[in-house]
Amino acid sequence: MWLRICDTRLMHGWLNIDKPEGMTSHQVVARLRNILRIRKIGHAGTLDPLASGVLPIAIGEATKTVPFMMDQAKTYRFEIKWGMQTSTDDREGEIIATSSVRPSPKQIQAILKDFTGTFEQIPPRYSAIKIKGKPAYAYARAGKDVELKSRQVHIDNLLLLDSQNEEQSSFEVHCHKGTYVRSLARDMAIRLGTVGHVTSLRRTQVGNFHESSAILLENWSDLGHKEVIVEQLYPLDIVLDDILAIKISSSDQHKLMHGQAVQSVATTRQSRHKDLVLCVTPQGVPVALATLIDEWIRPTRVFNIVTER
């Protein structure tokens with residue numbers, strides 16, 4: 001890891017936090033800001049208070065890479081309770097519909113293929129989707145009906161884990177940005193001729209972050225020493241590993257840091273991010289994200305990283 005310092009004011013990277021139920025993602029950030037005594041901090045990928053699991057936290061200059069973490073694929077485990085629909089599509093809401101129909105494991109297995117690949121999904125009424133500048137949940141809480149447009153989502157895999165109890169079934173889903181598990185549960189129940197809602201939700205993976213290496217939030221206040229905190233910090237560029245990295249000279253580093261374009265010696269690229277490159281020092285320290293056009297590197301996002309006092 002290129003980060004070798006212990007002063008939290010100079011920390012730049014990612015933390016893999018295991019968010020507990022009952023807290024918002026914003027509350028987790030506020031708690032960590034107080035523990036670490038750091039100003040630049042943010043999260044990538046909101047988890048509802050009902051949900052637990054992996055919540056990537058950006059520290060320092062890593063906050064500039066949050067959009068790239070948001071684009072990472074995610075894995076969730078969740079449970080659906082059949083026969084009751086709620087206003088929020090989870091156990092937090094009021095019951096708004098009931099059904100006596102309980103799907104069998106065979107029936108459930110038969111519809112899973114309909115919820116894989118790319119398809120249209122309508123977000124929950126209680127979501128942060130903006131409508132005329134306000135989140136959808138603000139209208140829902142005020143008792144106002146608004147039309148939420150469907151949007152395209154992609155699910156790589158959807159598995160039935162357990163359905164021994166006819167009242168409830170558990171699943172695992174591997175999905176991409178914009179997918180709502182609460183909407184997925186709602187739509188699966190409708191397809192099965194019944195209604196349902198999410199009773200538990202846990203995110204087990206976001207990109208390279210797994211629940212097996214996530215640290216419980218309550219354990220952070222016990223870490224104490226800054227050296228221990230730094231050991232838990234993932235490098236800033238962990239979310240940029242599919243972007244071509246170009247090593248630059250000290251003189252080019254100085255120009256890029258001041259927003260100036262430099263010439264590139266790179267002639268070939270292998271990156272799914274068109275024309276985007278990561279400029280690094282010979283030691284691998286990120287300097288800037290930049291566009292590579294006609295052999296010129298033009299900085300779009302500069303990282304102000306100091307590796308030693």
Side-chain angles (χ1 to χ4, degrees), residues 1-17 29 32 36 38-45 54-74 176-177 205-210 212-215 226-227 229-262 264-266 268-293 296-309:
M1 184 184 298
W2 44 263
L3 182 65
R4 297 183 298 277
I5 54 176
C6 300
D7 189 335
T8 53
R9 295 171 300 173
L10 305 178
M11 287 170 58
H12 309 287
W14 286 90
L15 297 175
N16 185 9
I17 299 298
V29 169
L32 286 170
L36 300 177
I38 193 167
R39 184 174 59 86
K40 293 183 68 174
I41 181 172
H43 67 80
V54 175
L55 181 65
I57 300 292
I59 302 293
E61 292 296 281
T63 55
K64 296 177 180 178
T65 66
V66 165
F68 296 93
M69 180 62 85
M70 299 283 284
D71 288 339
Q72 301 288 315
K74 303 171 180 68
H176 292 261
K177 182 180 179 180
Q205 182 178 355
V206 180
N208 293 321
F209 291 176
H210 300 257
S212 59
S213 56
I215 297 179
K226 293 175 183 177
E227 291 83 354
I229 294 174
V230 170
E231 288 175 2
Q232 304 299 327
L233 198 66
Y234 290 82
L236 172 155
D237 52 4
I238 192 172
V239 300
L240 308 175
D241 57 0
D242 59 349
I243 297 176
L244 178 71
I246 297 178
K247 290 185 178 181
I248 58 172
S249 65
S250 297
S251 59
D252 283 347
Q253 176 182 357
H254 181 77
K255 291 178 181 178
L256 289 172
M257 294 288 288
H258 288 80
Q260 301 175 33
V262 299
S264 169
V265 297
T268 61
R269 300 194 309 282
Q270 292 181 346
S271 172
R272 70 181 182 88
H273 297 276
K274 185 179 179 181
D275 298 326
L276 190 64
V277 294
L278 174 64
C279 302
V280 300
T281 68
Q283 294 74 35
V285 179
V287 173
L289 281 167
T291 55
L292 178 56
I293 301 176
W296 281 92
I297 300 175
R298 302 183 185 279
T300 59
R301 186 62 61 101
V302 174
F303 303 116
N304 299 300
I305 295 176
V306 179
T307 57
E308 58 185 42
R309 291 180 184 275

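The figures that follow rest on heavy atoms only: side chains count, while hydrogens, waters and symmetry mates do not. Residue numbers start at 1 and run along the sequence shown.
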- Under the side-chain contact (heavy atoms from CB on, under 4.5 Å) rule, what do Leu15 and Ile215 come out as? Steps first, then yes or no, please. CA-CA 9 Å; Leu15 297 175; Ile215 297 179; over 6 Å; no
Do you know which two heavy atoms are closest between [X] and [Y], and how far apart they sit?
X: Ala73; Y: His176; value: CB-CE1, 3.9 Å
X: Pro286; Y: Val280; value: CA-CG1, 4.0 Å
X: Val66; Y: Ala58; value: CG2-CB, 3.9 Å
X: Ala290; Y: Pro299; value: CB-CA, 3.7 Å
X: Ala44; Y: Met69; value: CB-CG, 3.3 Å
X: Met11; Y: Ile38; value: O-CD1, 4.3 Å

To the nearest 0.5 Å, what is the distance between [atom1] ([X]) and [atom2] ([Y])?
X: Ile243; Y: Leu276; atom1: CD1; atom2: CG; result: 4.5 Å
X: Leu292; Y: Ile297; atom1: CG; atom2: CD1; result: 6.0 Å
X: Met257; Y: Ile248; atom1: CE; atom2: CD1; result: 9.0 Å
X: Leu236; Y: Thr63; atom1: CG; atom2: OG1; result: 8.5 Å
X: Lys40; Y: Lys64; atom1: NZ; atom2: NZ; result: 4.5 Å
X: Asp237; Y: Leu278; atom1: CG; atom2: CG; result: 6.0 Å

- Message: With side-chain contact (heavy atoms from CB on, under 4.5 Å) as the criterion, how do Tyr234 and Val239 come out once you've worked through the C-alpha distance, each side chain's angles and the decisive distance to 0.1 Å?
- Response: CA-CA 10 Å; Tyr234 290 82; Val239 300; over 6 Å; no
- Leu256 and Val302: side-chain contact (heavy atoms from CB on, under 4.5 Å), yes or no, with the steps? CA-CA 7 Å; Leu256 289 172; Val302 174; 5.7 Å; no
- Item | Residues that His254 engages under ring-ring contact (aromatic ring centres under 6.0 Å, His included), provided they are two or more places apart |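 Partners of His254 under the ring-ring contact (aromatic ring centres under 6.0 Å, His included) test: His258.
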Does [X] use its side chain to pair, donor to acceptor, with the backbone of [Y] at less than 3.5 Å?
X: Gln253; Y: Lys255; answer: no
X: Ser249; Y: Asp252; answer: yes
X: Asn304; Y: Glu61; answer: no
X: Lys74; Y: Gln72; answer: yes

- Item | Aromatic ring pairing Phe209/Trp14, orientation class (parallel under 30°, perpendicular over 60°, tilted between) | perpendicular
- So do the side chains of Asn16 and Val54 get within less than 4.5 Å of each other, counting heavy atoms only? yes
